[in-house]
Every structure is written in C-alpha cells, then in structure tokens.
Colleague: 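Let me begin by handing over the structure; questions about it come next.
Reminder, nothing fancy here: chain letters follow the sequence lines and each chain counts from 1. Just so it is clear, the model here is predicted, and its values are computed rather than measured.
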Amino acid sequence: MSAKKTEKRPLFGRMRQALQRTGGALVRGISELFPGQRGLDALTLEEVETLLLSADVGVEATERLIAELKQTGGGRLREAEDVFAALRAGMLKILEPVSQPLLIPVREKPFVILMVGVNGAGKTTTIAKLARRFQNDNLRPMLAAGDTFRAAAVEQLQVWGERHQVPVVAQGTGADSASVVYDALQSATARHYDVLLADTAGRLHTQSNLMEELKKIRRVMGKLDPEAPHETMLVLDAGTGQNALAQAREFHAAVGISGITLTKLDGTAKGGIVLSIADKLGLPIRFIGVGEQPQDLRPFDAEEFIDALLAH
Amino acid sequence: MFENLSERLGASLKRLRGSGRLTEKNIQEALREVRMALLEADVALPVVRDFIEQVRERALGRDVMQSLSPGEEFVRVVRDELTHVMGDVGGELDLKVTPPAIFLMAGLQGSGKTTTVAKLARHLKEKHKKSVLVASCDVYRPAAMEQLETLAGEVGARCYRGEADATPVAIATAAVETARKRACDVVIIDTAGRLHVDDAMMSEIKVLHEAVHPVETLFVADSMAGQDAANVARAFGEALPLTGVILSKADGDARGGAALSIRQVTGKPIKFLGVGEKTDALEVFHPDRVASRILGMGDVLGFIEEAEHKLDRKQAQKLAQKIKKGKGFDLEDYRDQLRQVRSMGGVSSLLEKLPGGGQLPAAAQQQVGERELIRSEAIINSMTPLERRRPLIIKGSRKRRIAAGSGTQVQDVNRLLKQMMQMQKMMKRMKKRGGMGQLLAGLKGGGGPGMPF
Ligand SMILES: Nc1nc2c(ncn2[C@@H]2O[C@H](COP(=O)(O)OP(=O)(O)OP(=O)(O)O)[C@@H](O)[C@H]2O)c(=O)[nH]1
Ligand SMILES: Nc1nc2c(ncn2[C@@H]2O[C@H](COP(=O)(O)OP(=O)(O)OP(=O)(O)O)[C@@H](O)[C@H]2O)c(=O)[nH]1
Ligand SMILES: [Mg+2]
Ligand SMILES: [Mg+2]
C-alpha cells in the first residue's frame with residue numbers, strides 16, 4: 001500500500017523521544033507546565049485541569065482527579081515532578097485494573113470475536129490487524145463479513161482477507177447479518193479454525209432496531225456454541241468526545257462488551273474518555289490502533305497511555 | 001448528570017431571581033455552569049474560554065425583559081450568543097461558475113466523506129436539478145472506490161473510475177476532463193481519510209487542490225468528535241482554503257460541541273448536517289438548533305416561536321393540560337396533533353428540537369414522513385370514537401376492520417397503536433421531569449402552548 005504510513009513516526013515513538021529529551025523522568029510537556037519550585041498552587045491546578053480537559057477526560061473525571069491531587073498532595077507536592085507523579089498515580093489507579101490483554105485459550109471450537117461500534121470507528125480495519133496478529137501467533141483466523149449494509153463493506157473485508165490469505169465468509173450486501181455469521185461459525189468449526197472474527201455494520205447506539213440486530217447475531221451464534229461470542233469487542237475512535245461513554249454504556253447494555261479497542265491514537269487525539277469508561281463500567285481495554293496498516297495494533301498499556309495523554 | 005442547561009442553571013439562577021439586572025456578581029456562578037455545559041458538550045477548551053468572555057460582556061448590565069426572569073434572560077443571552085457565533089443558516093453551495101463546478105472533500109479517516117459525496121450528489125440532483133459526476137481519489141483504503149461507485153449508482157450520479165495505479169491528481173484531473181466532455185454540472189472529488197499531522201498526506205491533498213481548483217472545498221467532520229476537533233480543523237483550514245464544513249453523524253445523541261470548535265477555529269460556514277447513513281440523510285444546517293443542542297436544551301425558544309405562529313392556541317392549551325396530568329392523551333388528540341404537525345413540516349423537524357426528542361424510540365421516529373402522517377390520520381379516521389378514546393380495546397377483528405377501512409395493513413395499525421403508546425409514555429416522562437411543561441410555563445409566564453403532537 002501507500003508509502004504514507006512508513007514515513008510517520010508512530011505515536012509512542014514520538015512519546016519516547018520526548019521522554020528521552022527530558023532525561024527519561026518527565027514528559028516534555030509536563031516539565032514545561034510545572035517549572036521549578038512552584039508546587040501545587042492554584043495556577044498549577046488550573047494547568048492540570050486544562051491538560052485533562054483537553055485530552056477528553058471530561059469534567060467529572062477531571063474534577064475527581066484534581067480533588068484527589070489536592071487531598072494526597074497538600075503540602076508535599078512541592079515540585080512539578082511530584083504533582084505529575086501523583087496525577088499519574090491517580091490515573092493509573094483507574095486504568096491499571098482494565099488493562100487486560102486478550103488471551104486466546106486453546107479450545108476445541110473456534111474462539112469467536114464479535115466486533116461492534118459506531119460508524120467509521122475502525123472495526124473492519126481492526127479485524128485485519130487482529131487477523132494478522134493471530135497469524136503471527138500461529139493461530140488460524142477466519143473472517144465473517146457481517147456488515148451487509150454499508151456499500152462495499154464486504155469487499156473491504158475481502159480485500160484484507162486476500163492480502164493476508166485469510167478466508168472470508170460472505171453473502172453480499174443486503175443479506176441477513178446473523179445468518180452470515182452463523183454460516184461462518186459453522187464453517188470455521190467444521191474446518192477447525194482457531195479464531196473467527198465477525199465484522200458488523202457500524203451503528204449508532206441510539207438506533208434501537210440496529211441494537212436488536214446485534215443481539216440477534218449473538219443469539220444465533222449461541223446455537224452453535226453456547227459460549228460464543230467469547231469476546232465482544234467495542235471499537236472506539238480516540239477522537240470521540242464525551243459521547244464515547246454513552247456508546248460504551250449502550251453497547252454494553254445491549255450485547256455485553258468484554259473488551260475495548262481504542263483506534264486512531266496515531267493522531268493528536270488522546271482518548272481520555274476511556275478513563276470515565278474504565279471508572280464507570282470497568283470494561284477491559286485490549287488494544288490501541290495506531291495507524292491504518294495491519295501491523296498498527298498494540299496491546300493497551302496503561303502507563304504508556306497515560307504518559308502519551310499527559311504529553312503535549 | 002444534568003438533562004440540560006436550564007436544569008443545570010437551576011440553582012444558580014434561583015439566586016438571580018428578584019434582581020432586575022444581570023451583574024458581574026450574580027452571573028459568575030451561572031457562567032461557570034455554562035462553561036461546564038459546553039465542556040460536557042465537547043466544545044474545545046480555548047473556544048469555551050473565548051465564548052464565556054463574550055457572554056459575560058453581553059450579559060453585564062443587561063436589563064431583564066419584563067416577561068422573563070433574570071435566569072431566563074441569562075439563558076436567552078447565552079443561546080443568542082451561541083447562535084450568533086454558529087453563523088448563518090447553511091445550505092449554500094457555489095454553483096455560479098462555468099460548469100463543471102468542482103467540489104473537493106477533506107477530513108479525517110472515517111469521518112463520513114464518501115457517504116457525504118453521495119448525499120451531496122443526490123441533493124444537487126434533486127434540489128438543484130444538476131447532473132453530477134463523482135470520483136474517488138482514495139487509492140489507499142480497501143474497496144474505497146467500490147464504495148463510492150455503489151453509492152453513485154444508488155443516487156444516479158456518474159462515477160469516474162481511475163486506472164488501478166493512477167495517482168490521486170491524475171484521477172481528479174481526468175474526472176474533471178470527463179465531466180467537461182459529458183457536460184456534467186458538478187464534479188465531486190472524494191479523497192482518502194488523512195490525519196492532519198500526516199505531512200505526506202496533507203501535502204497530497206494540497207497538490208490535489210491546486211490541480212483542480214475546486215469552487216467548494218468541504219471539510220467533513222464527525223459530530224461526536226471531542227476536544228481534538230479544534231486542532232484537526234485548524235490544520236485542515238491552514239492546509240486548504242476551505243469553503244465550508246459538513247458535520248456527519250448528527251443523528252446520534254452527541255451534543256455536538258465540535259460544531260462550535262470547528263466553526264470558531266476555521267471561521268467557515270457549516271453548511272450541512274449528516275443525519276443518517278442513507279443518501280437522503282442530509283440536512284441544511286440551522287445555527288439555532290445546533291446551538292440549543294450544544295446547550296442540551298432542545299430548540300426550546302425557537303420551538304415556542306414557531307409554535308406560537310402556527311398552533312391553534314386553544315387546542316394546544318387543552319393538550320398542555322392533559323400532558324401536565326400525564327394522562328388522557330388519546331387517539332383523538334393524536335389526530336389533532338398529526339394535523340398540526342403536518343402544517344409545521346413533519347414530526348422529525350419538530351422532534352429534534354425538543355429536549356430528549358432525539359432519543360425517541362425508533363418506531364416512533366420512523367413514522368415521520370409526510371406520507372406516514374397522512375396514513376396515520378387515515379387509520380385514526382377509520383376508528384370509532386370509542387376506539388379513539390380507548391385504544392386498548394382495539395384487538396384482532398377491530399384491527400382488520402380499521403385496516404380495510406383506511407386502505408392499510410394490520411401491521412400499519414399495530415405500528416400506529418405502538419407509536420401511540422410510546423407517545424403516552426414519553427409524555428408521562430416529560431411530565432415527571434417537568435421538562436417541557438415547566439420550561440414553557442416558566443418562559444411564558446404560564447399558559448403557554450403545549451406540545452404539538
Ligand atoms: N489513522 C488511523 N486510521 C485508522 C485506524 N483504524 C482505522 N482507521 C481508518 O479509519 C477509517 C474507517 O475504518 P473502518 O475499519 O472502515 O471502520 P469501521 O468501523 O469498519 O467503519 P463502518 O463499517 O463504516 O462503520 C479507514 O480509513 C481506516 O483506514 C487507526 O488506528 N489509525
Ligand atoms: N449514522 C450516520 N452514519 C454516517 C453518517 N455519515 C456517514 N456515516 C457512516 O459512517 C461510516 C464512515 O463513512 P464513510 O463515508 O465511509 O467515511 P469516510 O470519511 O469516507 O471514511 P474514509 O474514506 O475511510 O476516511 C459509514 O459506516 C457510513 O455509513 C451520518 O450522517 N450518520
Ligand atoms: Mg466496517
Ligand atoms: Mg471514504
């Protein structure tokens with residue numbers, strides 16, 4: 001594909017460089033924010049607030065983190081480093097528990113991953129990334145073209161499948177999504193594939209009929225394997241603001257989300273809303289997407305994520 | 001969380017009561033609430049700061065209109081200011097050039113560009129009677145070209161398909177050439193999604209722009225976007241001479257503060273909203289509606305004005321009474337409301353203006369077109385007065401009779417009954433929240449018009 005992606009420094013490459021510049025202890029942005037001996041005065045708090053709000057952390061979570069800073073800090077937070085460390089610790093307390101990798105157990109039948117999310121979040125691309133990842137782990141993936149609605153959604157998945165020699169089960173646009181997924185699971189089971197990745201059409205969580213359709217896909221899978229899907233993955237675009245919380249809540253209520261992938265972290269969006277999602281719903285965060293290519297997927301790492309969020 | 005700004009302001013505004021003038025002291029707390037409301041709606045922080053300053057200046061020393069409480073006056077100032085900065089009503093597209101008029105789309109990955117191309121093509125065809133050719137310069141995303149080709153087929157636009165190894169510039173120039181030969185009125189050029197920090201991709205689109213000199217360069221952004229929307233819009237605005245903005249995915253429940261950020265940062269008009277995945281889901285941008293949505297209050301004021309013009313007051317008051325009691329809303333009322341709604345441009349345009357209206361059950365939202373209104377009315381007309389008053393008695397044989405009488409199917413009757421029940425539920429909810437009714441009573445000193453459906 002294009003040369004455009006290779007020329008870019010990936011997100012955490014940028015971050016690491018920033019870290020190196022400041023002697024490894026501090027992200028550049030932070031040290032500029034907290035010069036010298038100023039400690040935790042009102043101005044500093046305002047700067048912390050700005051940092052968090054600008055990262056989509058949201059009013060409520062920001063207020064909480066700052067309240068905590070005030071409490072734990074008090075007189076002890078004299079140096080910028082102390083403020084930063086305390087803030088970081090506060091955030092880590094929220095994100096560490098949800099930082100859970102996706103583990104594929106050895107099992108008789110295929111491990112089924114159902115991808116869900118709003119329109120354009122990156123579901124289909126993330127499937128391509130996951131498929132490649134599984135191949136690298138010597139697992140055999142199969143794909144189900146469950147987006148039977150959007151123009152050329154099936155073709156999009158098929159192109160990815162061809163590029164990486166992954167079979168794609170499809171019926172075409174307009175077919176019943178649940179029946180495509182059912183067929184695919186049947187075929188994956190018969191042919192002993194290790195993982196089935198089921199794509200679905202993007203849908204807004206407010207569209208109740210489409211949320212029903214997702215439930216149906218789940219139900220139908222259950223007929224072949226009562227435990228399927230083994231992972232219901234919500235794909236969130238890091239550029240999304242406070243609405244991501246509503247997305248997580250509604251998708252979780254409808255189909256039970258077991259993992260989140262946060263895409264498009266290669267831009268300048270910070271994805272701070274996952275703090276609220278972690279805090280309120282406790283959903284595991286599995287991966288981050290850092291580009292459009294199959295290799296641009298990394299396991300979610302709470303510390304790395306927080307450092308990138310606090311860098312500017 | 002608070003349902004809307006009015007609720008949020010509740011406490012601080014109560015304190016304003018009695019004073020006949022807005023002062024630095026009495027608006028301070030209220031301003032803080034507005035700041036929070038805007039941040040919760042995803043307006044970018046620097047934009048929020050500027051806006052709050054503007055409101056402070058506007059509000060200070062302002063005499064409170066007799067008809068309004070100081071709190072209401074303050075809400076009006078905020079809303080008016082927001083509407084003002086959101087710019088004019090959209091919908092304008094520059095077609096006054098020697099054809100073909102060239103449009104170029106730009107935006108982040110997955111923002112809705114390709115879908116919007118199809119929507120614009122359909123809009124130009126249906127509203128402006130233009131012939132449209134579309135072309136995809138997205139040589140990266142798998143099946144991007146197929147996507148556009150399929151959509152073009154759906155909306156009856158020509159689609160120029162470039163060679164497999166053609167560059168974006170080559171595709172675009174060839175598309176324009178083809179349009180010229182075929183005497184197409186408009187060419188819409190779709191582009192690959194790109195990050196604003198991707199230098200190679202940003203220069204690609206700059207070169208593309210220079211090669212085809214579009215008369216419209218449209219930035220497509222996701223209405224669910226957060227704080228970063230301002231950075232992204234700034235970068236696109238600096239790279240390209242944008243002529244307008246289209247906000248996609250406005251059919252969700254995001255408050256859409258990105259609209260304000262983008263508008264402030266680029267200074268370019270917002271022209272359309274994308275309100276669905278289908279090719280007809282494109283709406284002209286209305287600053288007042290979006291402003292109210294950002295504030296989380298529904299277009300209450302605009303709604304009142306419109307309602308005052310068009311509604312039969314007596315009937316509305318009768319209904320307002322019923323809603324307040326949370327019961328007694330029957331199919332007779334429903335029919336009255338259907339008729340009035342029809343005279344006001346359909347349900348959908350009304351619903352979206354109401355707080356919580358966007359979250360109306362899908363079944364209710366589906367019955368929003370003109371045709372559905374007429375059909376619903378026909379169904380109700382075929383009922384006996386008793387049935388209209390007590391819809392619960394409508395069972396199998398009655399349903400069949402009503403369907404036959406109105407030339408519809410039993411499913412249609414079922415749908416109407418279900419919708420009616422949902423309406424009743426929603427009205428009960430509104431009454432509980434005290435939302436609409438209270439607000440109306442408050443704003444108009446009581447006795448205001450009720451809801452027109
Ligand atoms: N920069 C960047 N772009 C991404 C990432 N993930 C996906 N994309 C791009 O985002 C766009 C949408 O991705 P898709 O995978 O088609 O999204 P989707 O959720 O399947 O979309 P629908 O099926 O239409 O709802 C494409 O242009 C992808 O290349 C990411 O991590 N970084
Ligand atoms: N609900 C809703 N979905 C929309 C709207 N506009 C676009 N979409 C959906 O959003 C997803 C992405 O739309 P695309 O048109 O493919 O976006 P794009 O900007 O061309 O994406 P890339 O080419 O990958 O950058 C698709 O699933 C569309 O159906 C809208 O107004 N409302
Ligand atoms: Mg997809
Ligand atoms: Mg596209």
Colleague: So for A:Val118, is it side chain, backbone, both, or neither that comes closer than 4.5 Å to the heavy atoms of chain B?
Modeller: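 Just the side chain, heavy atoms under 4.5 Å.
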
Colleague: Non-hydrogen atoms of chain B under 4.5 Å away: do they reach the side chain of A:Gln158, the backbone, both or neither?
Modeller: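 Neither part; nothing is under 4.5 Å.
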
Colleague: Side chain, backbone, both or neither: which part of B:Ala225 has a heavy atom under 4.5 Å from chain A?
Modeller: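 Both backbone and side chain of B:Ala225 come within 4.5 Å of chain A.
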
Colleague: Taking atom types as modelled, find out whether A:Asn119 and B:Glu277 have a side-chain donor-acceptor pair closer than 3.5 angstrom.
Modeller: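 A:Asn119 vs B:Glu277: donor-acceptor pair found between side chains.
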
Colleague: Relative to chain B, which segment of A:Ala269 carries a heavy atom at a distance below 4.5 Å: side chain, backbone, both, or neither?
Modeller: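 Both parts, heavy atoms under 4.5 Å.
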
Colleague: Can you pull the salt bridge (Lys or Arg N to Asp or Glu O under 4.0 Å) pairs that have at least one residue in residues 141-155 of chain A, sequence neighbours excluded?
Modeller: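 Output for this query is empty, none listed.
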
Colleague: If the condition is salt bridge (charged side-chain N to carboxylate O under 4.0 Å, His left out), which residues does A:Arg203 pass it with, not counting sequence neighbours?
Modeller: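 A:Arg203 satisfies salt bridge (charged side-chain N to carboxylate O under 4.0 Å, His left out) with A:Glu213 once adjacent residues are dropped.
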
Colleague: At a heavy-atom separation under 4.5 Å, does A:Glu63 approach chain B through its side chain, its backbone, both, or neither?
Modeller: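 Looking at A:Glu63, just its side chain touches chain B.
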
Colleague: Can you check whether anything in residues 120-129 of chain A gets within less than 4.5 Å of chain B, heavy-atom wise, and list it by number?
Modeller: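 Counting heavy atoms that sit under 4.5 Å from chain B, the residues of residues 120-129 of chain A involved are A:Gly120.
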
Colleague: Can you list the residues that meet the side chain to side chain contact (heavy atoms under 4.5 Å, CB included) rule with B:Glu146, with sequence neighbours excluded?
Modeller: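 Scan of B:Glu146 (side chain to side chain contact (heavy atoms under 4.5 Å, CB included), adjacent residues dropped) gives A:Ala152, B:Ala143, B:Arg161.
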
Colleague: Going by an N to O cut-off under 4.0 Å, is there a salt bridge joining A:Asp279 and A:Arg64?
Modeller: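 Between A:Arg64 and A:Asp279 there is a salt bridge, with a charged N closer than 4.0 Å to a carboxylate O.
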
Colleague: Based on non-hydrogen pairs under 4.5 Å, which of A:Thr240, A:Asp56, A:Val159 is most in contact with chain B?
Modeller: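 Most heavy-atom pairs under 4.5 Å with chain B: A:Asp56.
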
Colleague: Do B:Thr114 and B:Asp138 have side chains that get closer than 4.5 Å, going by heavy atoms?
Modeller: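 No - every pair of side-chain heavy atoms lies 4.5 Å or more apart.
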
Colleague: With only heavy atoms counted, which part of B:Lys278 is less than 4.5 Å from chain A, the side chain, the backbone, both or neither?
Modeller: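 The answer is the side chain of B:Lys278.
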
